[in-house]
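This report refers to the structure that appears directly beneath it.
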Amino acid sequence: WTQGASARPLVLAPQTSGTLRFVRGWNLVSPHSRFGGLSGIARIAPDRFLLIGDNGYATRLAFDHDGRLSAFHVAPLPAPPGWPDRKSMLDSESLFVDRAQGTAWVGLERINQLWRFDDALTRLEARHAPVVLRDWPKGRGPEAMARLADGRIIILAEGGRDDPRRNRGVMLAGYPGALSAPPTRFFYDSQDKGAVSDAAPLPDGRILIVHRKVGWNPVFTTNLSVADPDEVRPNTILRSRTIGTVPRALAENYEGAAISVEQGRTWLWLVADHNFNTWQRSLLLQFELTDLPPKKATASKKAARKPAA
């Protein structure tokens, strides 16, 4: 397999108004047959990224100061000896990197497991099958996962169903295997924003949630919202507030999100899963987030509500 690739800049003017402002983007193209299906992203340094695909492969890439691709490498995620090399056992959908611990965590959807790697995704260190995830349906496992500044981990299923009690979520008090408190089960009401495809922590303690709606023209609509993890209570419904929609000209199947903060400015990175289809694209986009709606002073009293009996 070749490790060659190109990052073709997208021709779209940067936006100067709104909460979600497009900055720049690329169409990532490679002859490597295992590159694609991108479902998770971590920004590990300025213009350096780790990506995971739902085929069980990881991609490392970097850009130079002019926005040109300067490094690109695709490799399989390490797996236990004898582990089946098929998507149903390697469907990697969510990712975050803990640089302080030197670890990366990946959520595998169809087997509802969390795998811990080194922070370069070159060594598998541990596998966890949390009891709280074992009854989640196959294909609706840990689609989105974000680690908060206080060490809690929030996990959301893909969901998108009309009945929010069928859209599951869980809050872990810390890393699996070192939990200081039992997990909290809750539900997520997307309020017709679409199915959840990823989440990322914001600097104010809230999370950004990516939703995907499938239609005809465009095929994909990506709605972004913010939710407050402090509103999570056992068996209640968490809701979020929409902050923007990816421009129609950039419509794709976005499944990975990362947040970075530089010089007081907040940046959102989105990556698209092209499903290994010739008519789709593996896009990487950068947005600036500005003037987010204020965080509620009394978070849990209003937005988290008990499901009706």
Side-chain angles (χ1 to χ4, degrees), residues 5-30 35-36 38-51 59-72 95 146 193-194 197-204 206-213 215 217-227 240-274 279-295:
S6 63
R8 302 170 184 173
L10 301 178
V11 182
L12 186 68
Q15 296 172 320
T16 57
S17 63
T19 298
L20 179 70
R21 301 181 183 184
F22 173 74
V23 177
R24 57 179 177 165
W26 302 266
N27 182 14
L28 306 176
V29 179
S30 173
F35 173 74
L38 303 174
S39 54
I41 179 172
R43 176 190 170 278
I44 55 176
D47 294 326
R48 292 181 57 207
F49 303 89
L50 282 178
L51 311 173
T59 300
R60 287 177 287 163
L61 57 85
F63 295 91
D64 64 19
H65 293 298
D66 296 318
R68 294 174 297 196
L69 197 64
S70 59
F72 178 89
L95 165 72
K193 299 180 187 72
S197 61
D198 206 5
L202 290 164
D204 66 3
R206 291 179 292 179
I207 59 170
L208 179 135
I209 303 177
V210 184
H211 307 79
R212 173 189 55 227
K213 294 190 76 171
N217 186 21
V219 176
F220 300 104
T221 298
T222 302
N223 295 311
L224 305 173
S225 68
V226 293
S240 63
R241 181 172 178 179
T242 300
I243 61 167
T245 299
V246 171
R248 185 186 181 93
L250 300 171
E252 249 308 340
N253 179 33
Y254 295 100
E255 291 212 13
I259 297 289
S260 62
V261 179
E262 298 175 49
Q263 299 178 341
R265 303 171 74 177
T266 302
W267 310 101
L268 165 66
W269 303 88
L270 292 178
V271 69
D273 174 3
H274 77 332
W279 58 273
Q280 290 184 250
R281 299 173 293 173
S282 297
L283 300 184
L284 173 62
L285 308 183
Q286 182 184 14
F287 293 87
E288 184 176 7
L289 300 179
T290 64
D291 301 321
L292 290 174
K295 185 175 181 179

Legend entry - Short side-chain to backbone donor-acceptor contact, H211 and N223, under 3.5 Å: yes
Inset, instruction - Given side chain to side chain contact (heavy atoms under 4.5 Å, CB included), test F63 with L69 step by step and report yes or no. - result: CA-CA 4 Å; F63 295 91; L69 197 64; 4.0 Å; yes
Inset, instruction - For L292 and R206, work out which heavy atoms get closest and say how close. - result: CB-NH2, 4.0 Å
Legend entry - Pairwise distance CG(L208) to CG(D198) - rounded to 0.5 angstrom: 9.0 Å
Inset, instruction - Grab the two heavy atoms, one from P201 and one from A146, that are nearest each other, plus how far apart they are. - result: CD-CB, 3.9 Å
Legend entry - Listed partners of P203 passing side chain to side chain contact (heavy atoms under 4.5 Å, CB included), at least two apart: I259, V261, T266
Inset, instruction - Please round to the nearest 0.5 Å and tell me the distance separating atom OG1 of T19 and atom CG of L289. - result: 8.5 Å
Inset, instruction - Apply ring pair (Phe, Tyr, Trp, His ring centres under 6.0 Å) to F35 and list each qualifying residue two or more places apart in sequence or on a separate chain. - result: F72
Distance-only criterion, 3.5 Å: show the donor-acceptor pairs between side-chain atoms of residues 267-274 and protein atoms not counting sequence neighbours.
residue : atom : partner : partner atom : Å
W269    : NE1  : S260    : OG           : 3.0
D273    : OD1  : N275    : N            : 2.7
H274    : ND1  : G37     : N            : 3.4
H274    : ND1  : F276    : N            : 3.2

Inset, instruction - Measure from the side-chain N and O atoms of D64 to the backbone N and O of D66, and report whether any donor-acceptor pair falls under 3.5 Å. - result: yes
Legend entry - Sub-4.5 Å side-chain heavy-atom contact between R68 and P9: no
Legend entry - Pairs where residues 14-25 contributes a residue and the test salt bridge (Lys or Arg N to Asp or Glu O under 4.0 Å) is met, not counting sequence neighbours: R24-D47
Inset, instruction - Not counting sequence neighbours, which residues clear side chain to side chain contact (heavy atoms under 4.5 Å, CB included) with V29? List them please. - result: S6, R8, N27
Inset, instruction - Just say parallel, tilted or perpendicular for the rings of F22 and F287, cut-offs at 30° and 60°. - result: perpendicular
Legend entry - Side chain S282, main chain G36, donor-acceptor under 3.5 Å: no
Inset, instruction - Kindly give the heavy-atom pair with the smallest separation between W26 and G67, and that separation in Å. - result: NE1-O, 2.9 Å
Inset, instruction - Grab the two heavy atoms, one from P293 and one from I243, that are nearest each other, plus how far apart they are. - result: CD-CG2, 3.8 Å
Inset, instruction - Begin from the C-alpha positions of L50 and T59 and carry the test side chain to side chain contact (heavy atoms under 4.5 Å, CB included) through to its verdict. - result: CA-CA 6 Å; L50 282 178; T59 300; over 6 Å; no
Inset, instruction - Heavy atoms only: give me the nearest T290-G18 pair and the separation to one decimal. - result: OG1-O, 3.0 Å
Legend entry - Residue pairs fulfilling salt bridge (Lys or Arg N to Asp or Glu O under 4.0 Å) with at least one residue in residues 244-270, sequence neighbours excluded: R43-E262, R212-E255, R265-E288
Legend entry - Interatomic distance, N253 atom CG to F220 atom CZ [nearest 0.5 angstrom]: 4.0 Å
Legend entry - Shortest non-hydrogen separation from V210 to A257 and the atoms involved: CG2-CB, 3.7 Å
Inset, instruction - Carefully, step by step, assess I41 and L95 under the rule side chain to side chain contact (heavy atoms under 4.5 Å, CB included). - result: CA-CA 6 Å; I41 179 172; L95 165 72; 5.6 Å; no
Inset, instruction - Measure the CG-OG1 distance between L20 and T242 for me, rounded to the nearest 0.5 Å. - result: 11.5 Å
Inset, instruction - Any chance you could measure T245, atom OG1, to L250, atom CG, to the nearest 0.5 Å? - result: 12.0 Å
Inset, instruction - Calculate, to the nearest 0.5 Å, the distance between atoms CG and CD1 belonging to L224 and I209 respectively. - result: 10.5 Å
